[in-house]
Amino acid sequence: MGAQGAPGRASHRLAARAAGNYRLARLIDATNLLVRVLRQLAGTELGASASCARSHVAVAGALLDGVAPEAASLMATHVREVGDAMLGPVAELGRPEPARRPGLGGRRAG
């Protein structure tokens, strides 16, 4: 992830550390590499970064407004969306193709 991704990674660490959740901060550091690699492989690096930036701004705004439950909800949605976007294609790769039934396929018996 280029320069657009660095602020996102920093915002994740900053939020976790500000909350005093150092375990979360370490987990965030550990998953950032995975997310970066998956984005590069999927070719979604730039679009995903813009979307993440919007989510980060919304979470920061809620925190600045002192509305912690809203910030938590926004962050949960962000994490879920990123997880779905990043892991969905990976999960699809592992699914077997449906078995074809003999005698089907558009041809008429006869």
Side-chain angles (χ1 to χ4, degrees):
M1 198 174 314
Q4 290 185 14
R9 290 189 304 273
S11 70
H12 289 158
R13 285 191 301 269
L14 179 63
R17 289 189 177 119
N21 191 336
Y22 294 99
R23 180 172 184 222
L24 177 60
R26 287 193 312 271
L27 288 171
I28 287 169
D29 287 342
T31 58
N32 275 330
L33 177 61
L34 175 62
V35 170
R36 288 171 43 201
V37 169
L38 289 172
R39 281 185 180 171
Q40 289 172 351
L41 290 173
T44 61
E45 193 172 349
L46 294 177
S49 292
S51 175
C52 285
R54 286 189 296 274
S55 294
H56 295 164
V57 168
V59 170
L63 289 171
L64 289 171
D65 290 343
V67 190
E70 180 182 349
S73 176
L74 290 166
M75 183 52 75
T77 298
H78 168 60
V79 168
R80 191 171 39 256
E81 288 173 350
V82 170
D84 290 348
M86 293 298 103
L87 297 179
V90 173
E92 282 296 317
L93 291 175
R95 290 197 178 118
E97 290 188 35
R100 294 181 184 236
R101 293 173 51 187
L104 297 179
R107 289 185 283 156
R108 287 187 168 178

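Not measured: the values here are computed from a predicted model.
Every residue meeting the side chain to side chain donor-acceptor pair (under 3.5 Å) condition with R80, not counting sequence neighbours, appears here in chain and number order: T77. Looking at residues two or more places apart in sequence or on another chain, you find a side-chain contact (heavy atoms from CB on, under 4.5 Å) between L27 and R23.
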Under 3.5 Å, sequence neighbours excluded: what are the donor-acceptor pairs made by side chains of residues 62-76?
none

